[in-house]
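See structure below.
The structure displayed is predicted, hence computed values, not measured ones.
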Amino acid sequence: MALLQILRPTLPILIGASIMLTLSMGLRQSLGIFMQPLTQDIRISISDFTLAIAVQNLAWGFLQPLAGALTVRYGFRAIMVAGALLYVAGLALMAGANGFLSVMIGGGVLIGTSLACTAAAIAMSVAARAVPASVRSTVLGLVSGAGSLGALLSAPIGQMLNEGYGWRIGLAGFVVLSLLMIPAAWYAGRVDKIPLPKPADDEIGGTSAGVATKIAFSNASFVVMTGAYFVCGMQLVFLTTHLPSYLAICGMDPMLSAQTLGMIGGFNVLGSILFGWAGERWNKLALLGGIYIFRSIALAWYFTLPPTPATTLLFGAIMGFLWMGVGPLVAGAVAEMFGLKWQAMIQGLAFMSHQVGSFLGAFGGGVLYDALGSYTMAWRIGVALGLAGGIIQVAFALIRPSGPPQMQTA
């Protein structure tokens, strides 16, 4: 009740940010449902489709710092609404695709650019600015959790439309859902009216974007977190892109992939809330490393065994619990280290590494499958890198806890 009283004045902002996040993430996470029918219908290869998804992730990652910097100049509302419109356009272009170019531009470039303006880094920055520091980590977990519900909605809808009417109608349904992002972004944009708190002496609010970037990359804790974030992106996008194809190859019911993606979305909520709460009490960066380690163990367990409906749904639940929990931890760590003014940009700098990993998870998984005829090598690489990244992250966080930026480097 006390938390609700604190949040009541900013609830429209938080709800708008959550809806925008849940749709932008849920729809993109469900695009793998259409990979098999789309590629067979318009006669492009699996690696062509995954290249478009890989370009989406690169565009998202490399434009994320720019989108974050532009919010400082133009405000969050303008950037988020523009991103929502790009999302609608990208899905519409995919729904009408007759060849590789339309899939690449729509699903790759336009949706990737949109995600830089509407997904986790921007939504988390909106939420962080809207609430007091005393409840920030918990609220980031709640927004991240609410943002995880999109897969519960979009994956089953997309699969039902795909099976009943074809992949084009399935994507048209996604276009309709994406229209809701526009008013959500508008309401979340009310955060522009909330003034930033006066920067503390150890924050970088009064610096330029270039100086803020230099300070961020001179912080060893930030650099290690950014490197480990690479593995996070590689594992997650490999799953969202290739799990439906893997299950189809194994002869499983096509609806199982949608159910599993929905399971991931549902347990995302629990994991996000728990890790947001935990981030107020324990070392955020050590918790991040723990997520990467346990996620890698789950991947090894699942792909070592022949898939069944029960093990697949259990795997989805485990991965979902360990999925978006990284969001509040990364956002909270960046806010603690560098303050709020440049949070979206600095978080975007870390996210670039995540998205390079995402590129390799999507495209590399497709290339390895086309070359070897199975996903065995791809998941083994993901497990090995995940364990290494998680162990390094935990060790560094415990040996050298993160501190405020060194302003004398500016």
Side-chain angles (χ1 to χ4, degrees), residues 12 14-35 37-38 49 52-53 56-57 60 79-97 102-103 105-120 122-123 126 143-189 237 240-241 244 254-255 257-266 268-269 272 320 323-324:
L14 297 177
I15 292 172
S18 298
I19 293 173
M20 178 186 71
L21 177 60
T22 200
L23 289 170
S24 66
M25 293 299 293
L27 293 173
R28 73 166 293 268
Q29 288 172 359
S30 303
L31 290 177
I33 289 170
F34 306 107
M35 179 163 63
L38 183 152
F49 183 92
I53 300 299
Q56 174 196 110
N57 284 283
W60 180 9
I79 301 304
M80 292 187 296
V81 171
L85 292 170
L86 286 174
Y87 211 119
V88 175
L91 286 172
L93 190 57
M94 279 191 77
S102 298
V103 175
I105 295 175
V109 177
L110 292 182
I111 292 181
T113 304
S114 169
L115 287 164
C117 304
T118 60
I122 298 297
V126 167
V143 171
S144 180
S148 303
L149 294 172
L152 281 173
L153 175 70
S154 57
I157 289 176
Q159 187 64 48
M160 286 188 292
L161 291 174
N162 180 38
E163 288 188 346
Y165 304 98
W167 64 270
R168 292 188 189 275
I169 299 299
L171 281 170
F174 276 17
V175 171
V176 174
L177 287 174
S178 68
L179 289 170
L180 297 174
M181 292 173 60
I182 300 171
W186 183 268
Y187 273 95
V237 176
T240 56
T241 305
M255 184 56 73
S257 62
Q259 293 169 342
T260 304
L261 292 175
M263 186 72 77
I264 289 172
N268 253 334
V269 178
S272 297
W323 199 281
M324 288 275 289

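Between L161 atom CG and S154 atom OG the span is 11.5 Å, to the nearest 0.5 Å. To the nearest 0.5 Å, atom CG of residue L31 and atom CD1 of residue I111 are 5.5 Å apart. For the atom pair CG (L115) and CG (L21), the distance works out to 10.0 Å, reported to the nearest 0.5 Å. If you take OG on S24 and CD1 on I122, they are separated by 10.5 Å, rounding to the nearest 0.5 Å. Atom CD1 in I53 sits 4.5 Å away from atom CD in Q56 (nearest 0.5 Å). Going from atom OG1 of T118 over to atom CE of M25 covers 9.5 Å, rounded to the nearest 0.5 Å.
Closest approach of A119 and W60 over heavy atoms only: CB-CZ2, 3.4 Å. Minimum heavy-atom separation, W167 to L38: CZ3-CD1, 3.5 Å. Taking both residues in full, the closest heavy atoms of A17 and A123 are given as O-CB, 4.1 Å, listed atom of the first, atom of the second, then distance. Contact detail for P37 and N162: the closest heavy-atom pair is CG-OD1, 3.7 Å. Closest approach of L93 to G106, counting heavy atoms only: CD2-N, 3.5 Å.
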Identify all side-chain donor-acceptor contacts of residues 168-189 below 3.5 Å with residues at least two apart in sequence or on another chain.
unit_1 : atom_1 : unit_2 : atom_2 : d
R168   : NH1    : A95    : O      : 3.0
R168   : NH1    : A97    : O      : 2.8
R168   : NH2    : A97    : O      : 2.8
R168   : NH2    : N98    : OD1    : 3.1
S178   : OG     : F174   : O      : 3.4
S178   : OG     : V175   : O      : 2.6

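The main-chain N or O of L110 is never found under 3.5 Å from a side-chain atom of S114 such that the two would form a donor-acceptor pair.
The side-chain hydrogen bond (donor to acceptor under 3.5 Å, both in side chains) search around N57 returns R28, Q355, not counting sequence neighbours.
The side-chain heavy atoms of L23 and Y87, taken from C-beta on, include no pair separated by under 4.5 Å.
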Hey, mind stepping through V126 and M80 against side-chain contact (heavy atoms from CB on, under 4.5 Å) and telling me if it holds? CA-CA 10 Å; V126 167; M80 292 187 296; 4.0 Å; yes
